[in-house]
Amino acid sequence: MSTRIAFLKGHGTENDFVIVPDPENVIDLSPAAVAALCDRRAGIGGDGLLHVVRSAAHPEARDVAAEAEWFMDYRNGDGSVSEMCGNGVRVFARYLQRVGHVAEGDIAVATRGGVKTVHVAKDGDVTVGMGKARLPEGDVTVSVGERSWPARNVNMGNPHAVAFVDDLAHAGDLYSPPPFSPPAAYPEGVNVEFVVDRGPGHVAMRVHERGAGETRSCGTGACAVAVAAARRDGADPAVTGTHATYTVDVPGGTLVITEQPDGQIEMTGPAVIVAEGEIDAEWLENAIR
């Protein structure tokens with residue numbers, strides 16, 4: 001490991017990330033190293049880490065290298081691996097554009113949740129093609145304290161449980177994962193969204209993300225919320241033939257989610273790089289001992 005490792009810090013609607021450029025996949029980012037870097041007191045701090053790798057250099061993405069040059073090797077703040085992060089892929093694309101790896105316009109980014117199409121503007125918002133939602137069958141319930149709610153099971157490449165509540169305060173502190181049932185619905189854990197209505201086509205949410213706790217925003221969660229809200233409201237674009245758009249307020253800002261008649265979901269929101277610097281490799285090695 002070199003004595004210095006380049007990093008950047010970015011966020012999408014205040015869902016923040018440590019960005020580690022590593023085109024040839026030579027940096028050993030163990031779960032402990034990721035957790036140390038994402039520690040908000042002893043490290044750089046972030047809800048997660050974006051490991052920037054050429055698809056051809058990563059065993060999980062080599063088969064899509066001809067389709068997408070870059071692979072978002074996403075890690076949760078506790079060091080665990082995740083399939084996809086909607087806010088993260090916008091920030092990932094903004095980083096690629098910032099350093100000149102890609103030009104503005106449409107680009108493809110490989111993720112564990114599939115190859116995503118991203119439209120990058122030089123300034124302003126970034127739009128991500130998030131793919132289609134899957135709606136697994138079966139009843140799901142989530143709980144906080146003495147309260148329980150039915151939840152919609154939505155999979156956006158990662159699992160979500162969406163509960164509509166009367167007050168976002170009912171979600172509690174969201175430090176710990178809200179209990180859910182049945183356990184078989186989410187064998188690897190779940191992101192849980194609590195949602196209130198703000199008006200027609202307008203909702204607000206709080207979220208507990210697997211491996212991170214409550215975050216200021218969750219892009220895949222906002223997509224799951226929009227799909228669940230549309231179905232609750234009797235809107236299925238595949239049936240109506242018209243798109244469904246929801247404005248989703250998160251603690252860190254606002255995202256606009258559109259589901260097309262073919263099922264494809266687009267998410268639009270900001271992506272900001274706020275800092276860059278170097279990690280001391282000796283510190284990192286000591287931090288994970």
Side-chain angles (χ1 to χ4, degrees), residues 11-15 47 84-90 125-136 139-144 147-174 178 180 190-210 212-240 242-261 263-271:
H11 76 91
T13 49
E14 298 182 10
N15 194 188
D47 293 322
M84 173 56 184
C85 175
N87 288 314
V89 76
R90 293 202 321 278
D125 289 345
V126 177
T127 298
V128 181
M130 298 291 287
K132 299 180 180 180
R134 291 192 294 108
L135 301 173
D139 295 331
V140 176
T141 300
V142 299
S143 304
V144 175
R147 293 187 174 94
S148 295
W149 303 268
R152 189 70 189 246
N153 189 346
V154 182
N155 193 291
M156 287 299 308
N158 57 358
H160 296 268
V162 180
F164 292 91
V165 300
D166 294 327
D167 189 327
L168 289 179
H170 292 167
D173 58 32
L174 292 182
F180 63 86
V190 63
N191 305 287
V192 182
E193 288 81 25
F194 297 89
V195 188
V196 296
D197 288 299
R198 292 288 190 238
H202 189 181
V203 296
M205 62 175 265
R206 290 176 61 198
V207 58
H208 175 95
E209 289 197 60
R210 286 184 307 174
E214 181 170 17
T215 59
R216 301 283 292 170
S217 180
C218 176
T220 56
C223 293
V225 164
V227 170
R231 300 304 183 272
R232 180 203 61 174
D233 295 341
D236 183 346
V239 174
T240 64
T242 60
H243 68 267
T245 296
Y246 280 79
T247 298
V248 182
D249 294 337
V250 296
T254 298
L255 296 166
V256 177
I257 312 299
T258 298
E259 184 180 9
Q260 303 291 349
Q264 295 294 328
I265 297 170
E266 296 176 346
M267 174 185 62
T268 300

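- Across L168 and F194, no two heavy atoms sit closer than the pair CD2-O, 3.3 Å.
- Side-chain polar atoms of D47 and T215 form no donor-acceptor pair below 3.5 angstrom.
- Annotation for N15 and C218: closest pair OD1-CA, 4.1 Å, computed over non-hydrogen atoms.
- Here T247 pairs with nothing under the side-chain hydrogen bond (donor to acceptor under 3.5 Å, both in side chains) rule; sequence neighbours left out.
- For the side-chain hydrogen bond (donor to acceptor under 3.5 Å, both in side chains) test, residues two or more places apart in sequence or in another chain that qualify with D197 are R232.
- We find the CZ-SG distance between R90 and C85 to be 8.5 Å, quoted to the nearest 0.5 Å.
- For N191 (side chain) and R210 (main-chain N/O), a donor-acceptor pair under 3.5 Å exists by modelled atom type.
- Open room surrounds CG on D166; 12 or fewer heavy atoms of other groups in view lie less than 6.0 Å from it.
- When all heavy atoms are compared, the tightest approach of A163 to V142 is CB-CG2, 3.7 Å.
- Using a distance-only test at 3.5 Å, with no hydrogens or angles considered, a donor-acceptor pair links the side chain of R206 to the main chain of G172.
- The heavy-atom pair separating I257 from M267 by the smallest distance is CD1-CG, 3.5 Å.
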In a table with atom names and distances, give each donor-acceptor pair under 3.5 Å that connects a side chain of residues 127-136 to protein atoms at least two apart or in another chain.
residue : atom : partner : partner atom : Å
T127    : OG1  : T268    : OG1          : 2.8
K132    : NZ   : D262    : O            : 3.3
R134    : NH2  : N155    : OD1          : 3.4

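- Among Q264, R231, H243, the one residue that satisfies the side chain to side chain donor-acceptor pair (under 3.5 Å) test with E259 is R231.
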